[in-house]
Amino acid sequence: MARHEWTSGAWRWRLAALLGVGVAVLALVVTVIRTLPDDGADTAGTSRDGDRVHGTPATPPGPRGPEVGWGFTHTQYSADEGDDTATERVDRLVRDARGMPQDQALMGWGADNPEPVKGRYDFGAMDRRIDFIRASGGTPVVTLCCSPDWMKGGKPGVGATDWSQAALETAPRPEHYADFAALAATVAERYPDVRHFMVWNEFKGFWDDHKARWDYEGYTRLYNLVYRALKKVDKDIMVGGPYLAMDSLDPRAHDASRTVRGSWGAMDQRVLDAFTYWNRHKAGADFVVVDGSSYTNDDELLPDEFAATDKFTAVGAWVRRQTGELPLWWAEYYVEPADGNDERRGWSETRRVAVQAAGLIAMVKGGATSGFYWNPQDEKGTDCPGCLWTPTYGSDGGRKLPMFGLLSRFHREFPPGTRYRSVPVAADDVPNVRVLADDRTVLVVNTLDRTISAKVDGERFEMQAYGVKWLKRQR
């Protein structure tokens, strides 16, 4: 199967051979004709029973409420494909992490076009991802993005999908909002063990060029239709939005917020306006979803990479105030600016893990209870900055990397419902460490590129440069 930047690749129907003549050719032509609807769109390999329950739905080991904990999003390449030995190795890793939540997009990022023609479904790739989540004991989550081409002005048909970034990130046209909601309901019926749905992704396709702002009215109409469709399938399904990218700016920028700001920069007021509209006009929500980076839209880490994570705390606190304390999810979070190729290779893995740990701490302090790390693995190679495990396309693959160690332990130590505690930190260490604690565990991060001797919670210990240390409390 071909792989594309934004998706696992459209499944393309190919005639294996046209070598026969006579009856064989006639049979083939008849077969092709029978796969075409009245408008001539190819439906080969699709079916009408998209809402039929797939496989054996599992009972996720995680919480059944709106808070799911700390996990990851399956992206372009993940452990559902590759060498059996490697994929099984990852399966064990995730299973041992006690039901880490795992998110999968509806279309793109490893999933094919789910409805190439209206009423005709192809959930093959999605089925495979859900099967992996079930087998690894994870709590499954689905991001309801993106939409089939025919919903946004493109061509219907198997093999007609435009997998370019611009096409994938186009929103459904208003006349197809109800069709997208119906597709969401089909997904909920097919995977009854998926109890958590995020609606759309970063307002993709909802920017209004004429008004120079987000089309929050359009997104909210789509959200409300999806919310009601999912609740009609099962009132206990949990739905969240708006999955806005909480962009921040240089505080001197024209669109900088005058109220939500700090040493890390200032929020883009246009984003806050979009969130406020959705929050006031939403049909309902079981949790609220945002994403974002600690750095500004100019890739500035203000005043440095660790202090910049304070943005997660400030934004989280603001969101919680607006929503009446709805459970808060970070669908994506980034602490390291990307280069021109959207790669993050400028930091050592030790530094990367330390700043990520500081980011997780900052999100918790802002009221977040759930979050999803974006970047499980690369397609190939041994150099995979920030990946969770080595590529699974070889028998030696699927081995745990440092970021998985951080994320999985954070999920185990600080699950939903954790009651966090303050612990004493020596005065001279306060500027140099980030700390998170509950009754059993203390997480300490050294923000300096040198060894320090720190005293936290009454215990003195050495920390290497950018060290991340877990302490068991003695009380």
Check the orientation of [X] and [Y]. Use parallel for under 30°, tilted for 30 to 60°, and perpendicular for over 60°.
X: Phe414; Y: Phe410; result: perpendicular
X: Trp200; Y: Phe180; result: perpendicular
X: Tyr373; Y: Tyr333; result: tilted
X: His74; Y: Phe72; result: perpendicular
X: Tyr219; Y: Phe206; result: perpendicular

Worksheet item: Given Lys311 and Ser248, is the side-chain hydrogen bond (donor to acceptor under 3.5 Å, both in side chains) satisfied, shown in steps?
Response: CA-CA 9 Å; Lys311 171 186 171 178; Ser248 53; 3.0 Å; yes
Any side-chain to backbone donor/acceptor pair from [X] onto [Y]? Under 3.5 Å, distance only.
X: Arg434; Y: Val444; answer: no
X: Ser164; Y: Ala167; answer: yes
X: Arg421; Y: Ala437; answer: no
X: Lys204; Y: Leu168; answer: no
X: Trp329; Y: Pro66; answer: yes
X: Thr186; Y: Ala182; answer: yes
X: Asn224; Y: His281; answer: yes

Worksheet item: Between Met363, Glu67, His196, which is the residue that forms a side-chain contact (heavy atoms from CB on, under 4.5 Å) with Ser370?
Response: Glu67
Discussion item. Can you tell me which residue among Val442, Val423, Thr441 is in a side-chain contact (heavy atoms from CB on, under 4.5 Å) with Leu471?
Written reply: Val442
Worksheet item: Can you check salt bridge (Lys or Arg N to Asp or Glu O under 4.0 Å) on Arg213 and Asp273, steps first, answer last?
Response: CA-CA 9 Å; Arg213 67 165 175 82; Asp273 292 343; over 6 Å; no
Worksheet item: What do the steps show when you test Asn113 against Thr161 for side-chain hydrogen bond (donor to acceptor under 3.5 Å, both in side chains), and what is the final call?
Response: CA-CA 7 Å; Asn113 188 334; Thr161 302; 2.9 Å; yes
Fill in: Test salt bridge (Lys or Arg N to Asp or Glu O under 4.0 Å) applied to Arg352 - qualifying residues, sequence neighbours left out
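Applying salt bridge (Lys or Arg N to Asp or Glu O under 4.0 Å) to Arg352 gives Glu336, Glu349.
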For residues [X] and [Y], report the shortest heavy-atom separation together with the two atoms involved.
X: Phe312; Y: Ser294; answer: CZ-N, 3.6 Å
X: Ala125; Y: Ala111; answer: CB-CA, 4.1 Å
X: Ala105; Y: Trp109; answer: CB-CE3, 3.8 Å

Worksheet entry | Audit row: Asp149, Lys155, salt bridge (Lys or Arg N to Asp or Glu O under 4.0 Å) steps and yes/no | CA-CA 6 Å; Asp149 290 43; Lys155 295 180 180 179; over 6 Å; no
Fill in: Option from Tyr223, Tyr227, Tyr216 for which ring pair (Phe, Tyr, Trp, His ring centres under 6.0 Å) with Trp278 holds
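Exactly one option meets the ring pair (Phe, Tyr, Trp, His ring centres under 6.0 Å) with Trp278, and it is Tyr223.
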Worksheet entry | Presence of salt bridge, Lys231 and Asp286, under 4.0 angstrom |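 A salt bridge is present here (some side-chain N lies under 4.0 Å from a carboxylate O).
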Discussion item. Taking the six-membered ring for Trp, are Tyr277 and Trp214 closer than 6.0 Å centroid to centroid?
Written reply: no
Fill in: Thr143 and Asn201 side chains, donor-acceptor separation under 3.5 Å
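Their side chains do not contain a donor-acceptor pair, so the 3.5 Å distance test is not met.
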Item to complete: Check the side chains of Asp49 and Tyr121 for a donor-acceptor pair under 3.5 angstrom, ignoring hydrogens and angles.
Response: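 The answer is no; no qualifying pair exists.
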